[in-house]
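What follows is a single structure, written as structure tokens, with notes after it.
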Amino acid sequence: RKLEGLPNQQIDLKNLEKRIEAHSFVKEAEVFKALDGNIQVSIKQNRPIARIIRPDQDVYIDAEGNMLPLSDRYTARVIPITKTQSGRPFGRDFFQDSTGQAYLSLLQFIENDQFWKAQLAQMYIDEKGKVSFLPQVGEHTIEFGKPDEAEQKFKKLMVFYKEVLPVMGWDKYKRVNVEYEDQIICE
């Protein structure tokens, strides 16, 4: 039902709130009448932090691990995730269980770090669940391993970026592995 032109008394605020919250990119909404008589709408938005790209699945993931549909109005600048084809598509609750929570924590870490958010161009998950990244700058693949110990692995990777690449050159290595404790493997 169209609201335009209706007197304020005829507008069902609770129903309007429910209609707004039904939109997948709306986390929560509050609709109320202000002191001046105008209707106010306050919205918290669901913000994508990654995008799953597969032939059978193309969706955003928000910070809580919920799947959001793509929008025809805008494209979020987030890290794309590809996954081996032999694996099943990500289920609706993939990021809610204990395995998926580790991947979600990794995505949240990247989202909250300005350098890594800008540097990591793509995330890939293989059939064993191991993660690798393609960077924006450089010709190497970053082999991250399982999505655990993110902070320690990114610290090692930062050492590589700050101390090794400036000396050896950005195109020297094709593979950088930070999967194993206390070592960086460069080939």
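Computed over heavy atoms, backbone and side chain alike; hydrogens, waters and symmetry mates excluded. Residue numbers start at 1 and run along the sequence shown. Every value quoted in this text rests on a predicted model; they were computed, and no experiment measured them.
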Give a yes or no on whether [X] atom [atom1] has more than 12 heavy-atom contacts from other residues, nucleotides or ligands under 6.0 Å away.
X    : atom1 : result
Q114 : CD    : no
K33  : NZ    : yes
E181 : CD    : no

Subject >> Smallest separation among heavy atoms of A34 and Q40, with atom names >> reply: CB-CG, 3.6 Å

**OP:** Specify the closest pair of heavy atoms between V137 and H140, including all atoms of both residues, with the distance to one decimal.
**Re:** O-CE1, 3.8 Å

Same hydrophobic cluster for [X] and [Y], using side-chain heavy-atom links shorter than 4.5 Å among ILVMFWY?
X    : Y    : result
L120 : V164 : yes
V131 : I185 : no
Y60  : L107 : no
Y180 : I142 : no
W170 : M158 : yes

Using a strict threshold of under 4.0 Å (side-chain N to carboxylate O), is an ion pair present between [Y] and [X]?
X    : Y    : value
E143 : R175 : yes
K18  : E21  : no
D56  : R54  : yes
E187 : K174 : no

**OP:** Quick one: sort the W116 and Y161 rings into parallel, tilted or perpendicular, breaks at 30° and 60°.
**Re:** perpendicular

Original post:
Do the ring planes of F25 and Y74 sit parallel (below 30°), tilted (30 to 60°) or perpendicular (above 60°)?
Top reply: perpendicular

Can you measure from [atom1] ([X]) to [atom2] ([Y]) and round to the nearest 0.5 angstrom?
X    : Y    : atom1 : atom2 : result
Q136 : K117 : CD    : NZ    : 12.5 Å
F160 : L165 : CZ    : CG    : 3.5 Å
I52  : D58  : CD1   : CG    : 9.0 Å
K44  : E30  : NZ    : CD    : 10.0 Å
L68  : I61  : CG    : CD1   : 7.5 Å
K146 : E179 : NZ    : CD    : 9.0 Å

With a 4.5 Å cut-off on side-chain heavy atoms, are [Y] and [X] touching?
X    : Y    : answer
N46  : V26  : no
I49  : I110 : no
K83  : Q57  : no
K156 : D182 : no
Y103 : I125 : yes

My understanding is that only one of [options] makes a side-chain contact (heavy atoms from CB on, under 4.5 Å) with [X]; could you say which?
X    : options            : result
V31  : N15, I20, I43      : I20
F144 : E149, M123, K153   : K153
R51  : T82, I81, V78, I79 : V78

